[in-house]
K.L.:
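The structure is given below, and queries will be raised subsequently.
Note: hydrogens, waters and symmetry copies are ignored here, and every other heavy atom, side chains too, is used.
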Amino acid sequence: MGVSVDSARLATVPAVEVLVARSTDGFEVAEVAEVDRAGGGAAAPHRLADLAALADFVAAHERAHRPRWVWADTTDLYPELLGCGVSVERATDLRLCHRILRVARSAAGSALAGAPASPWDESPSLPDDRPPSLLDERPLGRPTLADVAAEADAQERAVAGSAAPGRLRLLRRAESVGALIAAEIHHVGLPWSATVHDRQLTEALGPRPPAGHRPPVLQGLADEVRAALGVPQLNPDSPGELLRALRRAGLDVRSTRRHELADLDHPVIEPLLAYKRLARLHAANGWAWLDTWVSGGRFHPDYVPGGVVTGRWATRGGGALQIPKSVRSAVVAEPGMTLVVADVAQLEPRMLAAMAADPAMLDACRHVDLYDDVVARGVVATRQQAKIGMLAAMYGGTTGEAGELLARMRRAFPGALALVDEAARAGERFEQVETWLGRTSPPPGDRWQSIQQRAYADDADERDHQRARSQGRGWGRFTRNFVVQGTAAEWALCWMGALRRRLRAMTVSPPPELVYVLHDEVIVHAPTAQAGAVVAALHDAADEARRLMFPGVDLAVPLSVDVVDDYGQAG
DNA sequence: GTACTGGGCCAC
DNA sequence: AAACGTGGCCCAGTAC
């Protein structure tokens, strides 16, 4: 029955939103038309028996008018839809948005923020975790359609009644489109040549050894290290053993870090550093990684949108955010296709300039290389100094050269520095800070509080005070960085969302696909003939992101774009 | 056996 | 030269 009712309604009252939830034996949906929204209502929910029915329903609505799909967890429903060949233009991920709105300072007075903890505060449900029993009245952790409707309503109210509804609304959309993108990238995967990767490994490590054995080159280097230190049984993978052996050999080191060893003059250094480099390659991105993470010529990154406190994405397995530069040439475009690799030059300082509306820094942003311009303005002498000074401003560096360069930055860009300095002071006062769109930093944890309280106790000694001060400064560095890193993450989400819409509008076959994201960098795998259009889409999307987040601010956010056959050639 | 921590190094 | 922010992941070592 669902189909005929649905078709009639589709033709006459287009839904602007459709609520979706799993039920005990299928799915439930409820359409919300513009006319319903005013009254806070929705069409009577109806049931869809299985995934195929849901996919048909979604596809029909996407063809007709692309409503916004409102569901609890993109990770729960969207991978299955993608598996049916169905994608959606817009969605709201209630779980991700709930987490943001619960602690958002600008929505602190809302009913949503004041409510006791609920299942919405828990982790997202995944499609394959805890398969629901038929006996369950209601699968654990899976909100009903009524729950979805109530939560969506509570979120709308929290945003509308907040101190910054426009920003929170944009943040909600950006976070939600990020969830769609993460699922889509996981689905399509990053083109990955196992042949090229295997060749790299064999050249560096020798032929692939049996499981549990060191590759020949690593084994040879381990033997050289043992001989040079005179410790035949040494396990070079054990930092403790290695440190003791180095000290017994007369090397005055207090760790086995590469930087501490690099300049020492001893026969062990060269084979040891080579061992460390290759052991890392073998362990993190070796044959085992290739077996586990690459299939059908694609690496399927498992992103976790909003997985980092600042709003950056995290990953769960596979290390998609740490692909070493040395193996990137294994990312190879398929025949007839090309990779369009784009990143933003110095995104974070540009965000800072716009947030603070610092005229001098916005002016410096006009140049493609912000650091070069800082030199040209006579603030510092070299590009490297400009970079160190700027990073010190955003990370809270104080020691040595960074401290002195920071003082120069403070004189040249007083507005920008005042913003991050104030964020740091707020952190030291235990206060929470906000990104530009309103993501709020977490409060310090219990352990943090207890250390601070100890410093105020009657019997507190100098060590307690020292520890509390040091911890306070540490939290200040966190909040200082939070506002900048978090705002950069928001800009990146807006950029990716705007890019995604443009790519979807390009009706070519095969379609250009967003296949990789790395904080402020994206890769689009596109037909070679479409490379120019994709480059244009990237720039237009960046301009849209700027307009969305900083309307009226004259901020330049230049992209660096490369059209390449493999990722190793980019950058 | 599993869970956690620290060392080290990869990315931004 | 390393330091300073956010992380992941692998290994060794230890605690349960």
K.L.:
What does A:G317 touch in the nucleic acid at a heavy-atom separation under 4.0 angstrom: a base, only the sugar-phosphate, or nothing?
P.N.:
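If one applies the 4.0 Å heavy-atom cut-off, A:G317 turns out to touch the sugar-phosphate alone, with no base involved.
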K.L.:
Out of C:dA2, C:dT6, C:dC11, which nucleotide sits closest to the side chain of A:V308?
P.N.:
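Selected nucleotide: C:dT6.
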K.L.:
Please check the phosphate of B:dC9 (OP1 and OP2 only) for any side-chain N or O of A:K276 closer than 4.0 Å.
P.N.:
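Yes, such a contact exists.
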K.L.:
Over all strands shown, is A:G307 touching base, sugar-phosphate only, or nothing at heavy-atom distances under 4.0 angstrom?
P.N.:
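Counting heavy atoms under 4.0 Å across all strands, no contact is made by A:G307.
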K.L.:
Within a reach of under 6.0 Å around CD of A:Q569, are more than 12 heavy atoms found that belong to other residues, nucleotides or ligands?
P.N.:
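Yes.
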K.L.:
Tell me whether the side-chain N/O atoms of A:R477 come closer than 4.0 Å to OP1 or OP2 in C:dG5.
P.N.:
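It does, given that an N or O in the side chain of A:R477 lies less than 4.0 Å from OP1 or OP2 of C:dG5.
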K.L.:
Return the value, rounded to whole Å, for the distance between atom CD of A:Q384 and atom C1' of C:dA1.
P.N.:
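Computing the A:Q384:CD to C:dA1:C1' distance gives 11 Å.
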K.L.:
Does A:W475 use its side chain to pair, donor to acceptor, with the backbone of A:R429 at less than 3.5 Å?
P.N.:
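Answer holds: no.
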K.L.:
By a strict heavy-atom criterion of less than 4.0 Å, which residues belonging to residues 321-329 of chain A are in contact with DNA chain B?
P.N.:
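Nucleic-acid contacts, sorted: A:L321, A:Q322, A:I323, A:P324, A:K325, A:R328.
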K.L.:
Mapping A:W289 and A:T310 to their closest nucleotides on DNA chain C, which lands nearer the 5' end?
P.N.:
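Whichever sits nearer the 5' end wins; that is A:T310.
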K.L.:
Rounded to the nearest Å, what distance is computed from the OH atom of residue A:Y303 to the P atom of nucleotide C:dG7?
P.N.:
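These atoms are roughly 18 Å apart.
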K.L.:
Take A:E401 and A:G474, find for each the nucleotide of DNA chain C with the closest heavy atom, and name the residue whose nucleotide sits nearer the 5' end.
P.N.:
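It is A:E401 whose nearest nucleotide is closer to the 5' end.
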K.L.:
Using a 4.0 Å heavy-atom cut-off across all strands, classify A:R257 as base, sugar-phosphate, or nothing.
P.N.:
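Contact class for A:R257: sugar-phosphate only.
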K.L.:
Expressed as a whole number of angstroms, how long is the span from A:L281:CG to B:dG8:C1'?
P.N.:
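In whole Å, B:dG8 C1' and A:L281 CG are 16 Å from each other.
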K.L.:
Any side-chain N or O of A:N235 under 4.0 Å from OP1/OP2 of C:dA12?
P.N.:
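For C:dA12, OP1 or OP2 has a side-chain N or O of A:N235 closer than 4.0 Å.
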K.L.:
Answer yes or no: does a side-chain N or O of A:S238 lie under 4.0 Å from OP1 or OP2 of C:dG13?
P.N.:
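The answer is yes; a side-chain N or O of A:S238 sits under 4.0 Å from OP1 or OP2.
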K.L.:
Side chain of A:A314 only, heavy atoms from C-beta on: which candidate in C:dT6, B:dG8, C:dG7 is closest?
P.N.:
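Looking only at side-chain atoms, A:A314 lies closest to C:dG7.
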K.L.:
Please tell me if A:T315 has a side-chain N or O lying less than 4.0 Å from either OP1 or OP2 of C:dG8.
P.N.:
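A:T315 to C:dG8 OP1/OP2: no side-chain N or O under 4.0 Å.
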K.L.:
How long is the line joining CG of A:L242 and C1' of B:dG6, in whole Å?
P.N.:
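So the CG-C1' distance, A:L242 to B:dG6, works out to 15 Å.
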K.L.:
A:E521 and A:Y516: side chain to side chain donor-acceptor pair (under 3.5 Å), yes or no, with the steps?
P.N.:
CA-CA 8 Å; A:E521 176 171 343; A:Y516 186 63; over 6 Å; no
K.L.:
Angle class for the A:H186/A:H300 ring planes (parallel below 30°, perpendicular above 60°, tilted otherwise)?
P.N.:
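Geometry flag for A:H300 against A:H186: perpendicular rings.
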K.L.:
For A:V484, report the nucleic acid contact type (base, sugar-phosphate, nothing); a contact means any heavy atom under 4.0 Å.
P.N.:
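Touches nothing.
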K.L.:
Quickly work out the A:I388 CD1 to C:dG5 P distance and round it to whole Å.
P.N.:
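Checked: the CD1 to P distance equals 16 Å.
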K.L.:
Going through the distances and angles, do A:Y275 and A:D223 end up as a side chain to side chain donor-acceptor pair (under 3.5 Å)?
P.N.:
CA-CA 10 Å; A:Y275 180 88; A:D223 291 338; over 6 Å; no
K.L.:
Between A:Q432 and A:T440, is any side-chain donor less than 3.5 angstrom from a side-chain acceptor?
P.N.:
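There is no such pair between these side chains.
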K.L.:
Does A:E348 reach a base, just sugar-phosphate, or nothing at all? Heavy atoms under 4.0 Å.
P.N.:
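No contact at all - A:E348 keeps every heavy atom at 4.0 Å or more from the nucleic acid.
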K.L.:
Report yes if a side-chain nitrogen or oxygen of A:H259 is closer than 4.0 Å to either non-bridging phosphate oxygen (OP1 or OP2) of C:dA2; otherwise report no.
P.N.:
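For A:H259, the contact criterion (side-chain N or O under 4.0 Å from OP1 or OP2 of C:dA2) is met.
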K.L.:
Identify which one of A:R439, A:Q485, A:E490 satisfies the side chain to side chain donor-acceptor pair (under 3.5 Å) criterion when paired with A:T310.
P.N.:
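Only one of A:R439, A:Q485, A:E490 forms a side chain to side chain donor-acceptor pair (under 3.5 Å) with A:T310, namely A:Q485.
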K.L.:
Indicate, with a heavy-atom threshold strictly under 4.0 Å, whether A:R258 touches base, sugar-phosphate, or nothing.
P.N.:
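Sugar-phosphate contact only - A:R258 comes under 4.0 Å of backbone atoms but never of a base.
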K.L.:
Grab the CG-P distance between A:L261 and C:dA1 for me, whole Å please.
P.N.:
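After rounding, the gap between these two atoms is 14 Å.
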K.L.:
By the 4.0 Å heavy-atom rule, please label A:A283 as base, sugar-phosphate, or nothing.
P.N.:
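Sugar-phosphate contact only.
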K.L.:
Can you tell me if A:D358 uses its side chain to pair, donor with acceptor, with the backbone of A:A416 under 3.5 Å?
P.N.:
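It does hold such a pair.
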K.L.:
Should the ring pair A:F550 and A:W436 be called parallel, tilted or perpendicular, given that the plane angle runs from 0 to 90° and is split at 30 and 60?
P.N.:
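The arrangement is tilted - the two ring planes meet at 30° to 60°.
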K.L.:
What nucleotide, of B:dA11, C:dA3, C:dG5, holds the atom closest to the side chain of A:L518?
P.N.:
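Looking only at heavy atoms from C-beta outward on A:L518, the closest nucleotide is B:dA11.
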K.L.:
Just call it for A:G319: base, sugar-phosphate, or nothing, with non-hydrogen atoms closer than 4.0 Å on any strand.
P.N.:
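A:G319: backbone/sugar contact only, no base atoms under 4.0 Å.
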K.L.:
Given the structure, check if the side chain of A:R280 and the base of C:dC10 hold any donor-acceptor pair shorter than 3.5 Å.
P.N.:
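Donor-acceptor pair under 3.5 Å: no.
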K.L.:
Could you give the CG-to-C1' distance, from A:D302 to C:dC9, as a whole number of Å?
P.N.:
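So the two atoms are 14 Å apart, to the nearest Å.
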K.L.:
Atom CD of A:Q385 to atom C1' of C:dA1: distance rounded to whole Å?
P.N.:
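About 14 Å, once rounded to whole Å.
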